[in-house]
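Heavy atoms only: backbone and side chains are in, while hydrogens, waters and symmetry mates are out. One is the number of the first residue; the rest follow in order along the sequence. Both ligands and their constituent atoms are indexed starting at 1 by order of listing.
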Amino acid sequence: MVEDRSGATRELLLLSGPNLDQLGVRDVSVYGSTTLEEHVERVRIAAQRFALSVRHVQSNFEGDLIEAVHGARGRSAAIVINAGALSHTSWALTDALAIFPGVKVEVHLSNPAAREPFRHVSTLAGVVNGTIAGFGALSYDLALVAVAELLET
Ligand code: DQA
């Protein structure tokens, strides 16, 4: 598990699931050549505009992600999650997100609906405020705008 953090006013937990640590080398034609670290840095910079600090957790293990969601309760105002392939399979992660009372936005770099059938279903979709997919790095920027807006309401 990789975890990093910076000082907080309102904290945004950015969660990255399995294989996202391989961005930059993995399926570049689908996901682009930007590394996860570069995406996270971009989110961090954009988040400053909304007075949000970013704590990023990446793991290839479902249980780590579930525990990160549990740990966010009472600590983070919002969760932005790209759960990778767990988005399509993990009822356990879905249940964990359902418990988190704050703002939750699901993100995908690619557009899963335009890809293989197994990617067409998201188990997470029903427990998050909304999903942003298909815009590459811009998906994260749009998720931040959505989080900021939802935190205001
Ligand atoms: C992804 C889409 C998923 O289907 C895939 O398993 C990923 C990345 C995306 O960001 O486009 O790992 O979540």
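At least one N or O atom of Ala85, backbone or side chain, sits closer than 3.5 Å to an N or O atom of ligand 1. Distances between N or O atoms of Ser87 and those of ligand 1 include no value under 3.5 Å.
Atom CD of Glu38 has more than 12 heavy atoms from other residues, nucleotides or ligands within 6.0 Å.
Looking only at protein heavy atoms, the nearest one to atom 11 (O) of ligand 1 is Ser110 OG, 2.6 Å. When hydrogens are left out, the protein atom nearest atom 9 (C) of ligand 1 is Leu109 N, 3.4 Å; that is the closest non-hydrogen contact. Looking only at heavy atoms of the protein, atom 1 (C) of ligand 1 is closest to His108 ND1, 3.6 Å. Ranking the protein heavy atoms by distance from atom 3 (C) of ligand 1 puts His88 NE2, 3.5 Å first.
Ile99 and Ile81 are members of different hydrophobic clusters when ILVMFWY side chains are connected at heavy-atom separations under 4.5 Å.
Using modelled atom types, no side-chain atom of Ser76 and backbone atom of Ala78 make a donor-acceptor pair closer than 3.5 Å.
Listed by atom number, the atoms of ligand 1 under 4.0 Å from Asn82 heavy atoms are 1 (C), 9 (C), 10 (O), 13 (O). Residue Arg26 has at least one heavy-atom neighbour below 4.0 Å for each of these atoms of ligand 1: 5 (C), 6 (O), 7 (C), 12 (O).
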Hey, mind stepping through Leu15 and Ile79 against side-chain contact (heavy atoms from CB on, under 4.5 Å) and telling me if it holds? CA-CA 7 Å; Leu15 276 180; Ile79 295 176; 4.2 Å; yes
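A donor and an acceptor atom, one from each side chain of Glu106 and His108, are located under 3.5 Å apart. Side-chain N/O atoms of Asn60 and Asp21 include a donor and acceptor closer than 3.5 Å. Side-chain contact annotation: Glu62 with Ser90, donor-acceptor N/O pair under 3.5 Å present.
For Asn19, the heavy-atom gap to ligand 1 stays at 4.0 angstrom or more. Taking 4.0 Å as the cut-off, His39 does not count as a neighbour of ligand 1 on heavy-atom distance.
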